[in-house]
Amino acid sequence: MQTPTHAPAYLAAELRLPTNWLDYTILGIYFVVVLGIGFAARRSVRTTLDFFLSGRSLPAWITGLAFISANLAATEILGMAANSAQYGVYTVHWYWIGAIPAMVFLGLVMMPFYYGSKVRSVPEFLLLRFDKGAHLLSSILFAFAAILIAGVNLYALAIVVEALLGWPQWVAIVVAGFFVLAYITLGGLSSAIYNEVLQFFVILAALIPLVVLSLKKVGGWDGLTHTLTQQHGGNFVTAWGGTGIGSANPLGANWLTIVLGLGFVLSFGYWTTNFAEVQRALSARNLSAAQRTPLIAAYPKIFIVFLVMIPGLVAAALVPKIGTSASGLQYNDAIPYLMQELLPNGVLGIAVTGLLAAFMAGMAANVSSFNTVFTNDIWAKYVVKHREDGYYVRFGRLITAVGVLASIGTAFLAASFSNIMAYLQTLFSFFNVPMFAVFIVGMFWKRASMKSGFWGLLAGTTAAMVNYFVIYKQGIIGIPTDQGANFVSAIAGFVAGAVVMVAVSLFTRPKPEEDLQGLVYGTSSPGVAEPSAPGDEAWYRKPALLGWGAVALAALCYIPFSF
């Protein structure tokens, strides 16, 4: 159970920022540019492939930046800063072991299957590998999860804007929802992706000054670590300190649950099956570009941890009781608190714009993936079949509006979590991890039967939910923190899904081998990239070299924080 007494789940009103006309001008310019990109992208939307996958025409550097920007939502920024204020330097695990290996695995191992099979979504791959039961269940679960996660972004945006700018929550929700709805409805995925590239640079422009001024405030890195060590102990400023089995540490998890729960099942479940990310790679112009999409994204991901972790650590140093009722601030307040304390006007406008850009990127990624899955995998497959292409483009635009409205409805489910990253990790353990178990067994075991996909997915989701809501929440087994419980839920969901798949496969008929070509390892090649253009032999166009380079760089980054 969580031990601290948390402050209420809204940002403190005293965080109101002293914004002026300059800050609002910067914000207004950003919104005009966002809508302009939507109108420009509209001209290229003629078919469902254009609307849902950008006609599979985008270069790797565009899809790579969109890939990382879709992940770098404000829930990531606020959530990981909150994580750092609560748990300290342990936050690096979410990046160097909880992201990079899985992103490399997606690029080198799974993208040839996704892209080569020409599927339009992750659930559609399960239709090819298993049967309609697995396909429909995965589509419903993913659509539900996408709306919940988009709702987290909207809720976080509303409470931040209310606290920082004084706008009522409903105004912030309506304004942000309108702009996301407008540019996705106009230009489809292309509009979302090009806006995500813009948002990536806006987010960096917001975070870098905040990090520099934060470190200056506490006397640099040495001053920061000295203060935190005095306040929270030495383990707070190391990555692996106190993670021995049976040892106590701020994270409430040992090295085994970190490596298996976060480093394997949670991270691989998220990065390899979350269609909000995979969709960006599927929009690339060829297989090589699709493979390089997550690999290009891995390099900025290695260093972004410093941009979100350092503000959280500084907030913990400046407000020693942050996250408790004694301080009046909760962990989610770390970034807004520092913005108020450190940023001058103009820079403040850029920072607020960066936060709004991050919220919109995260929401747009989930809404655009939701409209694709709902239109192609639910509506076109099971409700209204065999209509002309234009009908499904129109329906995709309609369901985008429905998705935004539904996101508003789910936004306040996040209100009970003082650390919104803990809430997101809970959702990932419920929805992404069981799907990863089904994928990994189905991809590497020919004998996995058609029926096993459905039952494995159902068993994994159920096991993860039972562990969290019954075993953890009811105190049957003592787990120190929400994040520790999420790691255990992820392991339970993965093991239950895989075991049930094996058991069901032993008693049901496997799929004929001729139907598994390109879907299972050991069968014919799942896809071939288009012929390389002159100069494509350059090192930065080689997926294997990019992938292993990212893993090695992430491993090296651990060294300064391991002792």
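Keep in mind that the numbers below use all heavy atoms, side chains included, and drop hydrogens, waters and symmetry copies. Not measured: the values here are computed from a predicted model.
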Chemist: For the pair L106 and F67, evaluate side-chain contact (heavy atoms from CB on, under 4.5 Å) and give the outcome as yes or no after the intermediate values.
Modeler: CA-CA 12 Å; L106 171 63; F67 188 98; 3.8 Å; yes
Chemist: Under 3.5 Å, is there a donor on one side chain and an acceptor on the other for Y270 and E277?
Modeler: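 Looking only at side-chain atoms, E277 and Y270 do form a donor-acceptor pair, the distance falling under 3.5 Å.
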Chemist: Does the Y299 side chain pair with the main chain of L546, one donor and one acceptor, at a distance under 3.5 Å?
Modeler: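 Looks like yes, one N/O pair under 3.5 Å.
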Chemist: Where is the tightest heavy-atom contact between V441 and A498, given as atom of each residue plus distance?
Modeler: CG2-CB, 4.2 Å
Chemist: How about T257 and L262: do any of their side-chain heavy atoms sit closer than 4.5 Å?
Modeler: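 T257 does not reach L262 side chain to side chain.
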Chemist: If you look at every heavy atom in G396 and T375, which pair is closest and at what distance?
Modeler: CA-OG1, 3.6 Å
Chemist: Starting from the C-alpha separation in whole Å, work towards a yes-or-no answer on side-chain contact (heavy atoms from CB on, under 4.5 Å) for C557 and V92.
Modeler: CA-CA 9 Å; C557 287; V92 298; over 6 Å; no
Chemist: Report the residues that fulfil salt bridge (charged side-chain N to carboxylate O under 4.0 Å, His left out) with R447, sequence neighbours left out, ordered by chain and then residue number.
Modeler: none
Chemist: Using ring-ring contact (aromatic ring centres under 6.0 Å, His included) as the criterion, point out the one residue from F142, F469, F144 that pairs with F430.
Modeler: F469
Chemist: May I have the step-by-step check of ring-ring contact (aromatic ring centres under 6.0 Å, His included) for W271 and F436, ending in yes or no?
Modeler: CA-CA 9 Å; W271 291 103; F436 173 64; over 10 Å; no
Chemist: Do the side chains of H93 and Y87 get nearer than 4.5 Å, heavy atoms only?
Modeler: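 Counting from C-beta outward, Y87 and H93 never come under 4.5 Å.
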Chemist: With a 3.5 Å distance limit and no angle check, can you tell me whether T293 reaches the backbone of A281 through a side-chain donor-acceptor pair?
Modeler: no
Chemist: Can you measure from CD1 (I203) to CZ (F201) and round to the nearest 0.5 angstrom?
Modeler: 11.0 Å
Chemist: Quick one: does V488's side chain get under 4.5 Å of I471's, heavy atoms only?
Modeler: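 No, their side chains stay 4.5 Å or more apart.
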Chemist: May I ask you to decide if F431's main-chain N or O and T461's side chain share a donor-acceptor pair within less than 3.5 Å?
Modeler: no
Chemist: My understanding is that only residues two or more places apart in sequence, or in another chain, count here; which of them pass ring pair (Phe, Tyr, Trp, His ring centres under 6.0 Å) with H135?
Modeler: Y382
Chemist: Salt bridge (charged side-chain N to carboxylate O under 4.0 Å, His left out): which pairs involve residues 133-156, sequence neighbours left out?
Modeler: none
Chemist: What is the distance from atom CZ of F275 to atom CE of M435, rounded to the nearest 0.5 Å?
Modeler: 11.5 Å
Chemist: So, taking the atom named CZ in F125 and the one named OG in S138, what distance separates them when rounded to the nearest 0.5 Å?
Modeler: 11.5 Å
Chemist: Taking the side chain as every heavy atom from C-beta outward, state whether V433 and L266 have any pair of such atoms under 4.5 Å apart.
Modeler: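 V433 vs L266: side chains touch.
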Chemist: I'd like to know whether the aromatic ring centres of F439 and Y114 sit less than 6.0 Å apart in this structure.
Modeler: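 Aromatic pair counts; centres sit under 6.0 Å.
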Chemist: Listed by chain and number, what are the salt bridge (charged side-chain N to carboxylate O under 4.0 Å, His left out) partners of K301, not counting sequence neighbours?
Modeler: E76
Chemist: Just verifying a value: how many Å separate N432 CG and T273 OG1, rounded to the nearest 0.5 Å?
Modeler: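 Answer rounded to 0.5 Å: 4.5 Å.
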Chemist: Stepwise, does the side-chain contact (heavy atoms from CB on, under 4.5 Å) test hold for L553 with F303?
Modeler: CA-CA 10 Å; L553 187 56; F303 300 104; 3.8 Å; yes
Chemist: Look at the rings of W96 and Y558 and say which category their plane angle falls in: under 30° parallel, 30 to 60° tilted, over 60° perpendicular.
Modeler: perpendicular
Chemist: Could you tell me whether the side chains of N486 and S429 share a donor-acceptor contact shorter than 3.5 Å?
Modeler: no
Chemist: Would you confirm whether S69, through its side chain, and L65, through its main-chain N or O, come within 3.5 Å as a donor-acceptor pair?
Modeler: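 Checked: no pair found.
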Chemist: Strictly distance-based, threshold 3.5 Å: is any side-chain N or O of Y194 a donor or acceptor partner for the main-chain N or O of I62?
Modeler: no
Chemist: Apply salt bridge (charged side-chain N to carboxylate O under 4.0 Å, His left out) to E388 and list each qualifying residue two or more places apart in sequence or on a separate chain.
Modeler: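 Here the qualifying residues are R394.
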Chemist: Take a 6.0 Å sphere around CH2 of W445 and say whether it holds more than 12 heavy atoms from other residues, nucleotides or ligands.
Modeler: yes
Chemist: Tell me whether the count of non-hydrogen atoms from other residues, nucleotides or ligands lying under 6.0 Å of NZ in K451 goes above 12.
Modeler: no
Chemist: For a quick test of reading the model, state the closest non-hydrogen atom pair linking S452 to M501 and the distance between them.
Modeler: O-CG, 3.3 Å
Chemist: I'd like to know if the side chain of R280 reaches the main chain of A276, judged simply by a donor and an acceptor atom lying under 3.5 Å from each other, with no hydrogens or angles considered.
Modeler: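 It does hold such a pair.
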Chemist: Can you find a pair of side-chain heavy atoms, one from V305 and one from M80, that are under 4.5 Å apart?
Modeler: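 No - every pair of side-chain heavy atoms lies 4.5 Å or more apart.
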Chemist: How far does OH of Y95 sit from OG of S267, to the nearest 0.5 angstrom?
Modeler: 13.5 Å
Chemist: Any luck finding a side-chain donor-acceptor pair between S449 and T508 under 3.5 Å?
Modeler: yes
Chemist: Answer yes or no: is there a donor N or O on one side and an acceptor on the other, between the side chain of R292 and the main chain of A60, under 3.5 Å?
Modeler: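 No, the answer is negative, given that no donor and acceptor are paired below the 3.5 Å cut-off.
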Chemist: Can you tell me how the ring of F264 sits relative to the ring of F494, calling it parallel under 30°, perpendicular over 60° and tilted otherwise?
Modeler: perpendicular
Chemist: Keeping the roles fixed (side chain from K511, backbone from D131), state whether a donor-acceptor pair exists under 3.5 Å.
Modeler: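 No; judged by distance alone, with no hydrogens or angles, the pair does not exist.
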Chemist: Between A459 and A496, what is the shortest heavy-atom contact and its length?
Modeler: O-CB, 4.0 Å
Chemist: One pair to check against side-chain contact (heavy atoms from CB on, under 4.5 Å): F395 and V384. What are the steps and the verdict?
Modeler: CA-CA 11 Å; F395 182 82; V384 178; over 6 Å; no
Chemist: Salt bridge (charged side-chain N to carboxylate O under 4.0 Å, His left out) with K132: which residues, sequence neighbours excluded?
Modeler: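 Applying salt bridge (charged side-chain N to carboxylate O under 4.0 Å, His left out) to K132 gives none.
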Chemist: Once rounded to the nearest 0.5 Å, what's the spacing between atom CG of L282 and atom OG1 of T63?
Modeler: 10.0 Å
Chemist: Under a 3.5 Å cutoff, is there a donor and acceptor pairing between the side chains of S121 and D377?
Modeler: yes
